[in-house]
Amino acid sequence: MLTIYHNPRCKKSRAGLQYATEKNMEFQVREYLKDPLTEAELTALVMKLHIKPAELIRTQEEVYKKELKGLHLNDEEWIKVMVENPKLIRRPIVEGKYKAVVGDPPENIDRL
């Protein structure tokens, strides 16, 4: 069973959800803006993604441009920033048992 971390207002997130549906994948949806991730959950998710937390940041968001651009934060600090500002998290994230991918483009989901 996959978990899709989803923002229904995001075109890329909707595309990932549609792709998983069309491929008849078994998944559950977690709207992470309504049900935010904890620091521990986000840390575990980043480990499954095999990336640095800073690579999960959406740099086009206003809060990033105004408050975070140019800052040199460590991994734990980036995790805290994303927990406090979940709109900054790239989407959709699709999580399997041992691995996760960012579903942009949606074909990335096939890696699970």
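We count residues from 1, following the sequence as given. Only this structure's heavy atoms are used, side chains among them; waters, hydrogens and symmetry mates stay out.
Within 6.0 Å of CD in Q60 there are more than 12 heavy atoms belonging to other residues, nucleotides or ligands. Enclosure of atom NZ in K48 by more than 12 non-hydrogen atoms of other residues, nucleotides or ligands within 6.0 angstrom is indicated.
Looking at heavy atoms from C-beta onward, R30 lies in side-chain contact with E41 at the 4.5 angstrom threshold. Side-chain contact check for R91 versus R58: some heavy-atom pair is nearer than 4.5 Å. Side-chain contact between K52 and D75 is present, with at least one heavy-atom pair separated by less than 4.5 Å. The shortest distance between side-chain heavy atoms of H6 and R14 falls below 4.5 Å.
A pairwise comparison of heavy atoms in P92 and G16 identifies CG-CA, 4.0 Å as the closest pair. Scanning both residues, Y64 and L88, for their nearest heavy atoms gives CB-CD2, 3.8 Å. Closest heavy-atom contact between P8 and E31: CG-OE1, 3.5 Å. Closest heavy-atom contact between K80 and E39: CG-OE2, 3.4 Å. Here the closest non-hydrogen pair linking F27 and L17 is CE1-CD1, 3.4 Å. Closest heavy-atom contact between L45 and A100: CD1-CB, 4.0 Å.
Each of V102, N7, I57, L37 was evaluated against I89; a single residue qualifies, L37, per the side chain to side chain contact (heavy atoms under 4.5 Å, CB included) test.
The SG atom of C10 lies 11.0 Å from the CZ atom of R90; values are rounded to the nearest 0.5 Å. How far NZ of K23 is from CD of E107: 8.0 Å, rounded to the nearest 0.5 Å. With values rounded to the nearest 0.5 angstrom, I79 atom CD1 is found 10.0 Å from N74 atom CG.
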- Query: side chain to side chain contact (heavy atoms under 4.5 Å, CB included) between E67 and E62: does it pass, once the steps are laid out?
  - Reply: CA-CA 8 Å; E67 299 176 25; E62 270 313 297; over 6 Å; no
- Message: Run L42 and L56 through side chain to side chain contact (heavy atoms under 4.5 Å, CB included) and show every step you take.
- Response: CA-CA 10 Å; L42 189 53; L56 200 55; 4.1 Å; yes
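Hydrophobic clustering of Ile, Leu, Val, Met, Phe, Trp and Tyr side chains at less than 4.5 Å, counting indirect connections, unites I51 with V81. Under the 4.5 Å side-chain contact rule for hydrophobic residues, I4 and I109 share a cluster. A single hydrophobic cluster is seen to contain both Y19 and L112, as judged by linkage of ILVMFWY side chains at heavy-atom distances under 4.5 Å, directly or through other members. By the criterion of side-chain heavy atoms lying less than 4.5 angstrom apart, applied directly or through intervening Ile, Leu, Val, Met, Phe, Trp or Tyr residues, Y5 is not grouped with L2; the two fall into different hydrophobic clusters. V29 and L33 are assigned to two separate hydrophobic clusters, defined by single-linkage of ILVMFWY side chains at heavy-atom distances under 4.5 Å.
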